[in-house]
Amino acid sequence: QVQLVESGGGLVQAGGSLRLSCAASGRTFSSYAMGWFRQAPGKEREFVTAISSSGVRTRHADSVKGRFTISRDNAKNTVYLQMNSLRPEDTAVYYCAAGSNWLSYEYWGQGTQVTVSS
């Protein structure tokens, strides 16, 4: 069992930056791939970015390439999402997730709100 708690969301102006954190419980964090997803009002949840269990490989949605960076610290059981050059269309609830591979996620956090004003 893995419990995930996101933090770091908030209100930011367009062009600004935020860093989200996702703290995981459990001693097996380093065995899970981690992902970030988001859901805007009235829209389906969408994939944002993911990182392999070792942290060597990452993948991103085209909409965030070059602006968002995912990283992880397995010693701290934490995954991060650095978001730069934020746009109003990035406004959403952001969720982190853990999975046995980065295409399938078994555990989800409660989400953190990110609002980007124009």
Asker: Minimum heavy-atom separation for Gly8 to Leu18, with atom names?
Answerer: O-CD2, 3.9 Å
Asker: Please report the shortest heavy-atom distance between Ser21 and Thr78, naming the atom on each side.
Answerer: CB-CG2, 4.3 Å
Asker: After noting the C-alpha distance and the side-chain angles of Arg59 and Trp102, does the key distance pass the side-chain contact (heavy atoms from CB on, under 4.5 Å) rule?
Answerer: CA-CA 9 Å; Arg59 64 186 188 104; Trp102 67 6; 3.7 Å; yes
Asker: If I take atom CG from residue Asn77 and atom OG from residue Ser30, how far apart are they, to the nearest 0.5 angstrom?
Answerer: 7.5 Å
Asker: Assess the pair Phe37 and Trp108: is the distance between their ring centroids shorter than 6.0 Å?
Answerer: yes
Asker: Answer yes when Arg87 and Asp90 have at least one side-chain N-carboxylate O distance shorter than 4.0 Å, and no when they do not.
Answerer: no
Asker: Look at the side chain of Thr91 and the backbone N and O of Val116, then say whether any donor-acceptor pair between them is shorter than 3.5 Å.
Answerer: yes
Asker: If you compare all heavy atoms of Ser118 against all heavy atoms of Ala14, which two are closest, and at what distance to 0.1 Å?
Answerer: CA-CB, 4.4 Å
Asker: Given the rule in the side-chain contact (heavy atoms from CB on, under 4.5 Å) test, do Gln110 and Glu6 qualify, once you have shown the distances and angles that lead to the verdict?
Answerer: CA-CA 7 Å; Gln110 84 289 348; Glu6 303 95 336; 2.9 Å; yes
Asker: For the residue pair Ala92 and Ala40, what are the closest heavy atoms and their distance?
Answerer: CB-N, 3.8 Å
Asker: Are Leu20 and Val12 connected in the hydrophobic side-chain network, where two residues link if heavy atoms are under 4.5 Å apart?
Answerer: yes
Asker: CZ/Arg38 to SG/Cys96 distance, rounded to the nearest 0.5 angstrom?
Answerer: 15.5 Å
Asker: Could you grab the distance from atom CD of Gln82 to atom OG of Ser17, nearest 0.5 Å is fine?
Answerer: 5.5 Å
Asker: Hey, does Leu81 have a side-chain heavy atom less than 4.5 Å from the side chain of Phe68?
Answerer: yes
Asker: Heavy-atom distance under 4.5 Å between the side chains of Val114 and Met83, does that happen here?
Answerer: yes
Asker: Tell me if a side-chain donor or acceptor on Thr112 pairs with a main-chain N or O of Gly9 at a distance below 3.5 Å.
Answerer: yes
Asker: Any sub-3.5 Å donor-acceptor pair from Ser104's side-chain atoms to Asn101's backbone N or O?
Answerer: no
Asker: Side chains of Leu103 and Phe47: closer than 4.5 Å at any heavy-atom pair?
Answerer: no
Asker: Would a 4.5 Å heavy-atom cut-off, applied to side chains only, mark Tyr80 and Thr69 as touching?
Answerer: no
Asker: Has Glu46 got more than 12 heavy atoms of other residues, nucleotides or ligands less than 6.0 Å from its CD?
Answerer: yes
Asker: Please determine if Arg72 forms a cation-pi arrangement with Tyr32, meaning its NZ or CZ atom is less than 6.0 Å from the six-membered ring centre and no more than 45° off the ring axis.
Answerer: no
Asker: Return the minimal non-hydrogen interatomic distance between Tyr107 and Val2, and the atom names on each side.
Answerer: CD2-O, 3.5 Å
Asker: For the atom pair CZ (Phe29) and CG (Leu4), what is the distance rounded to the nearest 0.5 Å?
Answerer: 8.0 Å
Asker: Side chain of Asn84, backbone of Gly66: donor and acceptor closer than 3.5 Å?
Answerer: no
Asker: Say you draw a straight line from CH2 of Trp36 to CD1 of Ile70; how long is it, rounded to the nearest 0.5 Å?
Answerer: 8.0 Å
Asker: State the CZ-OG distance between Arg67 and Ser85, to the nearest 0.5 angstrom.
Answerer: 7.0 Å
